Novice: 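Handing you this structure, nothing more for now.
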Protein chains: 2
Amino acid sequence: MVKPSRSIARGTPTNPVVVRILDCAQTHFARFGYEGARVDEIARDAGINKATLYYQVGDKAALYHAVVGPLLERMADDVERKVNREPTAESRLRAYVGSLAQLLVQQRDLAPLLLREAVDGGEHLTDAMVGNIARVNQALRIVLNDGISQGEFRAVDILTLQSLVVGGLFFYAGAAPLRARVATLGSHVALRAGSIPAHRLVDTVMDLVLRGIVSTRDDPLAGGDDDALTIRSN
Amino acid sequence: MVKPSRSIARGTPTNPVVVRILDCAQTHFARFGYEGARVDEIARDAGINKATLYYQVGDKAALYHAVVGPLLERMADDVERKVNREPTAESRLRAYVGSLAQLLVQQRDLAPLLLREAVDGGEHLTDAMVGNIARVNQALRIVLNDGISQGEFRAVDILTLQSLVVGGLFFYAGAAPLRARVATLGSHVALRAGSIPAHRLVDTVMDLVLRGIVSTRDDPLAGGDDDALTIRSN
DNA sequence: AAAGTTTTTAACCATATGGTTAAACCATCT
DNA sequence: AGATGGTTTAACCATATGGTTAAAAACTTT
């Protein structure tokens, strides 16, 4: 028997054909979304026959999973690892923002892919993938809660702050296409379109957020009591 | 002659059939995106025949335009009006955040619709619609720039701050579906899913942002020199 | 080289989907 | 009532799209 291939579902695929397929698929899913991406075009871009794609990877859902799954796993691993090795709430927060920003810059497809899923409610994700998103989410929540209960941060609304940080980062990285479009309108006001300088982004975000949340003497005493995050269905 | 109908393209449609169509279309476009929305389903939900939809509104693109166009126009008008009647940079910023937040809460479809377009690069929008987005964008930029050049705000990176505020608000409102999905994972950590309390959101965001940007004595002198927003293609 | 196995491909299929048409329907006017 | 013209609808159409198949090609093993 030759390589048992049938790659997918296990760690990083080595089969060059599969690698090429996943590469192209990632681009297409990020640019056009799950519904908008065309299997035929992905195959064409990868320079192979569509049947080969189905043989090597599987159907559209499997293809999407093979693309997004590893991205999310890496994201969750990266964030957790980098956050957990930091001692203080502030350094942990910086690690969080830094690791996310770095990922978003390295993997320019991540922001569009995840912004789409955010709006779609993770419609095309498995529970395991949603779980990885939850890990990233949880990491930030823990950092903030710890920072608050230790008095290092003020008692701010966690969900709002989470949205600001995460939404801000992802929007910064993911809304580049719209900014580019706006720029074409030829308004005299120019917008920086692409090219994300990672560390500068991190510095600015951290600068803003820290000033926003770091405790000062005249702030109300922080307590870990704001943990009562309720679920209100619909 | 009877009602000349052929509604669309002019101000608010009165024809009840058209109103129902646009209502359902808005829901579908927000939930499934332009590609994901099905014209047949929109017609079915509106309780009419698909041909009626085409007769009254036009094709899928026209339908989308009829839904999104007025939303964007109202958004731009609202924001500009409320911002412009305020005197100080801080009150103008609050007016900006407040008007956006209020809109996002009143029109729950706005956040998903715009987040999708942000990632899609406004692919399905006319130049006029993109122009309205640009107005909203410009409003914030002017407020921040004015605040900076008048020394009321620190000289922070405008684009980053814009992304934080706008991305944060839209993500807060638009990522509810994903939060709902995460909540189904039954992790012991609960997430507030729906129900957006508008004024509380505004207060929290303003609280955070103001602390982040308001000038204090020991800040570097603010100057309007950071206006050099460059366009870097790609 | 022959047999066996994996991989690739052209052609094909079923269905979904955006869009159209011709006829029926309905209100208004004469 | 009949003519007129806007409105709705069932049926239809063309095409795109995800997915399959059977055979050819390529590679391994003996």
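Residue numbering restarts at 1 for every chain, and letters A, B, ... go by the order of the sequence lines. What's counted below: heavy atoms across the whole structure, side chains too, no hydrogens, waters or symmetry copies. Please read these numbers as outputs of a predicted model, since none were measured by experiment.
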Novice: So if I take every side-chain heavy atom of A:Y55 and compare against C:dT9, D:dT9, C:dT6, which nucleotide ends up nearest?
Specialist: C:dT6
Novice: Does any donor atom in the side chain of B:R31 or B:Q26 lie under 3.5 Å from an acceptor atom in the other side chain?
Specialist: no
Novice: Which pairs, protein N/O on one side and nucleotides 16-20 of chain D N/O on the other, fall under 3.5 Å?
Specialist:
unit_1: D:dT17; atom_1: OP1; unit_2: A:R38; atom_2: NH1; d: 2.4
unit_1: D:dG18; atom_1: OP1; unit_2: A:A37; atom_2: O; d: 3.2
unit_1: D:dG18; atom_1: OP1; unit_2: A:K60; atom_2: NZ; d: 3.1
unit_1: D:dG18; atom_1: OP2; unit_2: A:V39; atom_2: N; d: 3.2
unit_1: D:dG18; atom_1: N7; unit_2: A:K50; atom_2: NZ; d: 3.3
unit_1: D:dG19; atom_1: OP2; unit_2: A:Y54; atom_2: OH; d: 2.8
unit_1: D:dG19; atom_1: OP2; unit_2: A:K60; atom_2: N; d: 2.9
unit_1: D:dG19; atom_1: O5'; unit_2: A:Y54; atom_2: OH; d: 3.4
unit_1: D:dG19; atom_1: N7; unit_2: A:K50; atom_2: NZ; d: 2.6
unit_1: D:dG19; atom_1: O6; unit_2: A:K50; atom_2: NZ; d: 2.6

Novice: For B:D109, give me all partners under salt bridge (charged side-chain N to carboxylate O under 4.0 Å, His left out), at least two apart in sequence or on another chain.
Specialist: none
Novice: Take B:F29 and B:Y64 through the test ring-ring contact (aromatic ring centres under 6.0 Å, His included) and record every step on the way to the result.
Specialist: CA-CA 8 Å; B:F29 282 130; B:Y64 187 74; 4.8 Å; yes
Novice: According to a strict under-4.0 Å criterion, is B:T52 in side-chain N/O contact with OP1 or OP2 of D:dT7?
Specialist: no
Novice: Distance-only criterion, 3.5 Å: show the donor-acceptor pairs between side-chain atoms of residues 95-104 of chain A and protein atoms not counting sequence neighbours.
Specialist:
unit_1: A:Y96; atom_1: OH; unit_2: A:V136; atom_2: O; d: 3.3
unit_1: A:S99; atom_1: OG; unit_2: A:A95; atom_2: O; d: 2.9
unit_1: A:S99; atom_1: OG; unit_2: A:Y96; atom_2: O; d: 3.0
unit_1: A:Q102; atom_1: OE1; unit_2: A:K82; atom_2: NZ; d: 2.7

Novice: Can you check whether A:V209 reaches B:L208 side chain to side chain, under 4.5 Å on heavy atoms?
Specialist: no
Novice: When you check the phosphate oxygens OP1 and OP2 of D:dG6, does a side-chain N or O of B:Q56 lie under 4.0 Å from one of them?
Specialist: no
Novice: Anything under 3.5 Å between a protein N or O and an N or O of nucleotides 23-25 of chain C, put it in a table, one pair a line.
Specialist:
none

Novice: Can you tell me the distance, in whole Å, between the CG atom of B:N15 and the P atom of D:dG6?
Specialist: 14 Å
Novice: With sequence neighbours left out, which residue pairs that include part of residues 123-132 of chain B fulfil the side chain to side chain donor-acceptor pair (under 3.5 Å) condition?
Specialist: A:R181-B:D127, B:E117-B:H124, B:N132-B:R135
Novice: Name the atoms and distances for all side-chain donor-acceptor pairs under 3.5 Å in residues 38-48 of chain B, with sequence neighbours left out.
Specialist:
unit_1: B:R38; atom_1: NE; unit_2: B:G36; atom_2: O; d: 3.4
unit_1: B:R38; atom_1: NH2; unit_2: B:E35; atom_2: O; d: 2.4
unit_1: B:D40; atom_1: OD1; unit_2: B:K50; atom_2: NZ; d: 3.3

Novice: Is the shortest side-chain heavy-atom distance between B:L63 and B:Y54 below 4.5 Å?
Specialist: no
